[in-house]
Amino acid sequence: MGQAPGGRDAELTRLERAIDRAAHRLLAGRPARGPRAFLIECAVFLLKQAWACVFGALLLLAILAARLWYPDDAPLARNDALTLAAILIQCAMLAFRLESGRELWVIVLFHLTGTAMELFKTDAGSWSYAADGVLRIGGVPLFSGFMYAAVGSYMVRVHRLHELRFARYPRVWATTILAALIYANFFTHHFIVDLRWILLALVALLWWRTVMHFRVWRATLRVPVLLVFAGVALVIWLAENIGTWAGAWLYPDQEAGWVLVSPQKITAWFLLMIISVVMVTWVYPPRAPDPAPARPAG
């Protein structure tokens, strides 16, 4: 992990604490300034991000492997194999202490809310899955909920890995109401006007002053939280392109042949990610940055 001394060690899982201690020993005595220090910070940041993405990365690898190597005539349908793989990944995350118990309920809740939306959206024709396998509800294979769980897993893990702090974070009750409105709009826009642009404006209004402080190794960096939201939504959209290319699901314009997922979907992922962010605040209430140490007089 490369966490600096004084971090919230108690919030790491048992395995993460062991990795953290090994990282301290490895990085002990490394320069605090100069090009080498900068490269260490970059390496630690990338490793922490990779560690936070492990659930989603493993699931995406399973989807790609199913596309490239899973036989079409296998006794077990491809979608059922993906569901079993997703269950094994989730069990391994718990068995190897990659997720804590209090985080799991948020991940499960996001899984359930995502599955409910999948049932509605596939029925409305927004996208579709291959009609094979028995581990499904209606037209939705059960592995689909794990794709939403992967987003929730990343959110909770990155929060503790980077010791996130927030300056001027909006009231949780206000963000919760907005998240509920966002979720409702994913359903209601099929019957009434789509309010996504109003909802995006409300997101900007609530979070435009919020600055996220995150620790890498020695450095604690600051970035506008809206910029972080946009970056994560873009990465999810890129992963979605890989998933649709692999045939995990298809949008109507991809049924005649794969094409790039519409960039407009980035706004949908941005809004869906807000729901995940709000759920994480139920487990990790937003904390203000630690006060800067007082400078000695004179």
Practice prompt. Return yes when atom CH2 of Trp105 has more than 12 non-hydrogen atoms of other residues, nucleotides or ligands closer than 6.0 Å, and no otherwise.
Written response: yes
Discussion item. Between His213 and Glu163, do the side chains contain a donor N or O and an acceptor N or O under 3.5 Å apart?
Written reply: no
Worksheet item: Less than 4.5 Å apart, any side-chain heavy atom of Glu118 and any of Trp249?
Response: no
Response to the item:
Heavy-atom nearest pair, Leu60 first then Gly243, reads CD1-N, 4.3 Å
Discussion item. Is the shortest side-chain heavy-atom distance between Val156 and Val283 below 4.5 Å?
Written reply: no
Practice prompt. Decide yes or no on side chain to side chain contact (heavy atoms under 4.5 Å, CB included) for Thr267 and Leu271, but give the supporting numbers first.
Written response: CA-CA 6 Å; Thr267 62; Leu271 290 171; 5.5 Å; no
Fill in: Test log, rule side chain to side chain contact (heavy atoms under 4.5 Å, CB included), inputs Thr176 and Trp173
CA-CA 5 Å; Thr176 298; Trp173 65 263; 5.6 Å; no
Worksheet item: Hey, is the main chain of Gly138 close enough, under 3.5 Å, to the side chain of Arg136 for a donor-acceptor pair?
Response: yes
Worksheet item: Just by modelled atom types, is the Ala131 backbone N or O under 3.5 Å from a matching donor or acceptor in the Asn79 side chain?
Response: no
Worksheet item: For Val134, does its backbone N or O pair with a side-chain atom of Asp80 as donor and acceptor, under 3.5 Å?
Response: yes
Response to the item:
Rounded to the nearest 0.5 Å, the CG atom of Leu181 sits from the CG atom of Leu202 at a distance of 8.0 Å
Worksheet item: In the single-linkage hydrophobic clustering (I, L, V, M, F, W, Y; side-chain heavy atoms under 4.5 Å), do Leu119 and Leu272 co-cluster?
Response: no
Discussion item. When you compare the side chain of Phe214 with that of Leu161, does any pair of heavy atoms fall below 4.5 Å?
Written reply: no
Discussion item. With heavy-atom distances below 4.5 Å as the criterion, would you say the side chains of Ile107 and Gln90 are in contact?
Written reply: yes
Worksheet entry | Shortest non-hydrogen contact between Tyr129 and Ser144, atoms and distance | OH-CB, 3.4 Å
Item to complete: Please report the C-alpha distance between Trp269 and Leu234 in whole Å, then the side-chain angles of each, then the deciding distance to 0.1 Å, and finally whether the side chain to side chain contact (heavy atoms under 4.5 Å, CB included) criterion is met.
Response: CA-CA 8 Å; Trp269 280 114; Leu234 177 60; over 6 Å; no
Discussion item. Could you tell me if the side chain of Val151 sits less than 4.5 Å from the side chain of Val232, heavy atoms only?
Written reply: no
Item to complete: Identify whether Leu227 and Met155 are in the same connected component of the hydrophobic contact network (ILVMFWY, side-chain heavy atoms under 4.5 Å).
Response: yes
Worksheet item: Would you say the side-chain atoms of Arg209 pair up with the backbone N or O of Leu205, donor to acceptor, closer than 3.5 Å?
Response: no
Response to the item:
Correct closest heavy-atom pair for Leu82 and Ala62 would be CD2-O, 3.5 Å
Discussion item. Do Trp127 and Gln254 pair up side chain to side chain, a donor and an acceptor below 3.5 Å, judged on atom types alone?
Written reply: no
Worksheet item: Can Thr244 and Trp258 be counted as having a side-chain donor-acceptor contact under 3.5 angstrom?
Response: yes
Item to complete: Ignoring hydrogens and angles, tell me if any N or O in the side chain of Ser126 forms a donor-acceptor pair with the backbone of Thr122 under 3.5 Å.
Response: no
Worksheet item: Okay, side chain of Ser153, backbone of Ala149: is any donor-acceptor separation there less than 3.5 Å?
Response: no
Worksheet item: CZ of Phe166 to CE of Met212: how many Å apart, nearest 0.5 Å?
Response: 6.0 Å
Item to complete: May I ask you to check whether His159 and Tyr284 place their ring centres under 6.0 Å from each other?
Response: yes
Discussion item. Please give me the minimum heavy-atom distance between Ala246 and Arg67, naming the atom from each residue.
Written reply: O-CB, 3.4 Å
Item to complete: Taking the side chain as every heavy atom from C-beta outward, state whether Pro170 and Thr210 have any pair of such atoms under 4.5 Å apart.
Response: yes
Worksheet item: Is Phe38 atom CZ crowded by more than 12 heavy atoms from other residues, nucleotides or ligands, each under 6.0 Å away?
Response: no
Discussion item. Is it the case that the side chain of Arg157 and the backbone of Trp51 share a donor-acceptor pair, with hydrogens and angles ignored and the cut-off at 3.5 Å?
Written reply: yes
Worksheet item: Taking NZ, NE, NH1 and NH2 as the nitrogens, is one of them in Arg78 or Asp72 under 4.0 Å from a carboxylate oxygen of the other?
Response: yes
Worksheet item: Which value, rounded to the nearest 0.5 Å, describes the distance between Leu195 atom CG and Leu200 atom CG?
Response: 11.0 Å
Practice prompt. Show your working on side chain to side chain contact (heavy atoms under 4.5 Å, CB included) between Trp282 and Leu109 and close with a plain yes or no.
Written response: CA-CA 12 Å; Trp282 301 345; Leu109 181 59; 3.6 Å; yes
Practice prompt. May I ask whether Phe143 and Val140 are part of the same hydrophobic cluster, defined by side-chain heavy atoms of I, L, V, M, F, W, Y residues being less than 4.5 angstrom apart, directly or through others?
Written response: no
Discussion item. So which atom in Lys48 and which in Arg215 form the shortest heavy-atom distance, rounded to 0.1 Å?
Written reply: NZ-O, 3.7 Å
Worksheet item: Between Val211 and Arg168, which heavy-atom pair has the shortest distance, and what is it?
Response: CG2-NH2, 3.6 Å
Worksheet item: Is there a donor-acceptor pair under 3.5 Å between the side chain of Tyr154 and the backbone N or O of Val54?
Response: no
Practice prompt. Could you tell me the separation between the OG atom of Ser262 and the OH atom of Tyr251, rounded to the nearest 0.5 Å?
Written response: 9.0 Å
Discussion item. Quick check against the 3.5 Å criterion: does Glu41 have a side-chain atom that pairs as donor or acceptor with the backbone of Arg218?
Written reply: yes
Worksheet item: Are side-chain heavy atoms of Leu84 and Leu76 found at a separation under 4.5 Å?
Response: yes
Fill in: Distance, nearest 0.5 Å, that separates CD1 of Ile182 from CE of Met273
9.5 Å
Worksheet item: Around atom CD of Gln264, are there more than 12 heavy atoms of other residues, nucleotides or ligands at under 6.0 Å?
Response: no
Discussion item. Looking at Lys121 and Phe187, would you say the former's side chain and the latter's main chain have a donor-acceptor pair under 3.5 Å?
Written reply: no
Worksheet item: Does one hydrophobic cluster hold both Leu199 and Phe120, with members joined at side-chain heavy-atom distances below 4.5 Å?
Response: yes
Worksheet item: Tell me, do Trp217 and Leu47 make a side-chain contact under 4.5 Å, heavy atoms counted?
Response: no
Worksheet item: Taking atom CD1 of Ile63 and atom CH2 of Trp245, what is their separation to the nearest 0.5 Å?
Response: 12.0 Å
Item to complete: Flag yes if Ile198 and Leu226 sit in one hydrophobic cluster, no otherwise; membership is Ile, Leu, Val, Met, Phe, Trp, Tyr, and two members link when side-chain heavy atoms are under 4.5 Å apart.
Response: yes
Worksheet item: When the ring planes of Trp207 and Phe229 are compared, do they come out parallel, tilted or perpendicular, using 30° and 60° as the limits?
Response: perpendicular
